[in-house]
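Encoded as structure tokens, the structure appears first; notes follow it.
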Amino acid sequence: MDREAAVIRWGLCCQFLDSPIKFRTATHRYVASLRSRVARRYLADISRHNAQALIQAVERCHQLGIGAFRITSQILPLATHPESGYTLEQLDPSGEVEATLHLVADLADQLDVRLSFHPDQFVVLNSERETVVRSAVQELELQAGIAEMIGADVIVLHAGGMGGGTSAALERLERGLPLLSSTARERLALENDDRCFTPRDLLPLCERTGVPLVYDVHHHRCLADGLTVEEATARSSATWGDREPYAHLSSPRDGWSSSNTRAHADYIDPADFPDAWLGRTMTVDVEAKAKERAVLAVMASVGHPEQSEGWRSK
DNA sequence: GCATGTCAAGTTGTG
DNA sequence: CACAACTTGACATGC
């Protein structure tokens, strides 16, 4: 009978610092200045480049012992833009990009690199404005489609705005869930943020709907709710059922006693790694500006806590 | 080559 | 009321 040892799966967010792997982006203003055939070729180039970069990213993570990778929302830049937008079929009629994305799925599976998405702040499923909700659904569906192709099992979303108060906002969020396809809905996870929604706010919704909670301990420390880190860890982990729980870790750039504790530091201060996470099996995305260097550093320091004395990011 | 100004989107909180 | 802060670069352009 083999029983897997409890272990943290460390995750890198979106980009590399030292490794020569770059994801390209595009701006609407520039694309709009091109003739349509040129624009399509330009965007097709970028999507081919980014799909290849994703293969390299998965390989590089594996080489470094990094077990998770968050994919940039710009992987297919402007895909959902009202004017410059496109479908993968239009952009890539030969299916080359799609074939590469299927290779990513095989590779990530083989190398055991967990892939996720994290739509950015413009994606607000609980907005009071209908048009905003519609574009949020559109963006989530796009990312879900890519997620399905590459085998990403998580799309992490902030709960959104607070218009009308916390309970009204949470109700709107819950009403937004059925607007999603099963592909998107099955991958959706919510994250506590540092301004509006705490774990205590979100856990009941997560427990009731089956949408798991990604526990961001830095946000929780910025916006406390009476739950201890231990309690929030246990309850959020439980929302993942049989799946591996997901959490976020970062350190404040200017320290915990500064006026701005929200900005992220280059590295993780080992003191910020919660004791409650020791001995757990979970994925921890490292949100730090020094990217893979920071992931490797925190892996080493948590693995050898006796050596972390006096260790500082700056 | 290198510096510069600009970039789709929402929401909150500060000045 | 206007604007920065979030994830923060990366891009094309102009010198």
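The chains referred to below are lettered A, B, ... by the order of the sequence lines, with proteins before strands, and numbering in each begins at 1.
Look at A:Asp18 and A:Arg293 and you find a salt bridge, because one of the NZ, NE, NH1 or NH2 atoms lies within 4.0 Å of a carboxylate O, short of that distance.
With a 6.0 Å cutoff to the six-membered ring centre and a 45° limit on the axis angle, A:Arg114 counts as a cation-pi contact of A:Trp240.
For C:dC6, one of the phosphate oxygens OP1 or OP2 lies less than 4.0 angstrom from a side-chain nitrogen or oxygen of A:Asn260. Within the 4.0 Å cut-off from OP1 or OP2 of B:dT11, at least one side-chain nitrogen or oxygen of A:Ser127 is found. Contact check, A:Arg129 against B:dT11: a side-chain N or O comes under 4.0 Å of OP1 or OP2. At the phosphate of C:dG9, neither OP1 nor OP2 sits under 4.0 Å from any side-chain N or O atom of A:Gln74. Close to C:dC6, at under 4.0 Å from its OP1 or OP2, lies no side-chain N or O of A:Lys289. The phosphate of B:dA8 (OP1 or OP2) has no side-chain N or O of A:Tyr30 nearer than 4.0 angstrom.
Nucleic acid contact class of A:Ala136 (heavy atoms, under 4.0 Å, all strands): none. Nucleic acid contact for A:Gln15: sugar-phosphate only, since backbone atoms but no base atoms lie under 4.0 Å from a heavy atom of the residue. As judged by a 4.0 angstrom heavy-atom cut-off over every strand, A:Gly163 is placed among residues touching the sugar-phosphate backbone only. Among the protein residues, A:His264 comes within range of the sugar-phosphate backbone only, with heavy atoms under 4.0 Å from sugar or phosphate atoms but none that close to a base. Nucleic acid contact for A:Thr25: sugar-phosphate only, since backbone atoms but no base atoms lie under 4.0 Å from a heavy atom of the residue.
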For nucleotides 13-15 of chain B, tabulate all protein N/O to nucleotide N/O atom pairs closer than 3.5 Å, reporting atom names and distance.
unit_1 : atom_1 : unit_2   : atom_2 : d
B:dG13 : O4'    : A:Arg195 : NH1    : 3.4

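What separates CG of A:Asp193 from P of B:dT12 is a distance of 10 Å, to the nearest Å. In this entry the distance linking CZ of A:Arg70 with C1' of C:dT7 reads 8 Å, nearest Å. Between A:His28 atom NE2 and C:dA12 atom C1' the separation is 16 Å, expressed in whole Å.
Counting heavy-atom neighbours within 6.0 Å of A:Arg40 CZ, excluding the residue itself, gives a total of 12 or less. More than 12 heavy atoms of other shown residues, nucleotides or ligands fall within 6.0 angstrom of atom CZ in A:Arg208.
The shortest non-hydrogen separation linking A:Ala247 to A:Met282 is CB-CE, 3.5 Å.
Separating the P atom of B:dG10 from that of C:dG9 is a span of 23 Å, rounded to the nearest Å. Going from the C1' atom of C:dT7 to that of B:dT4 covers 22 Å, rounded to whole Å. For the P atoms, the distance linking C:dA4 with B:dT6 amounts to 12 Å, nearest Å.
The aromatic ring of A:Phe122 stacks onto the base of B:dA9, its centre lying under 5.5 Å from the centre of the six-membered base ring with the two planes under 30° apart.
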Exercise. Could you spell out the base pairing of DNA chain C in dot-bracket, with Watson-Crick or G-U pairs whose two distances are under 3.5 Å, [ ] crossing and | to another strand?
Worked result: ||||||..|||||||
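Taking the syn range as angles within 90° of 0, the glycosidic angle of B:dT12 is outside it, so the base is anti.
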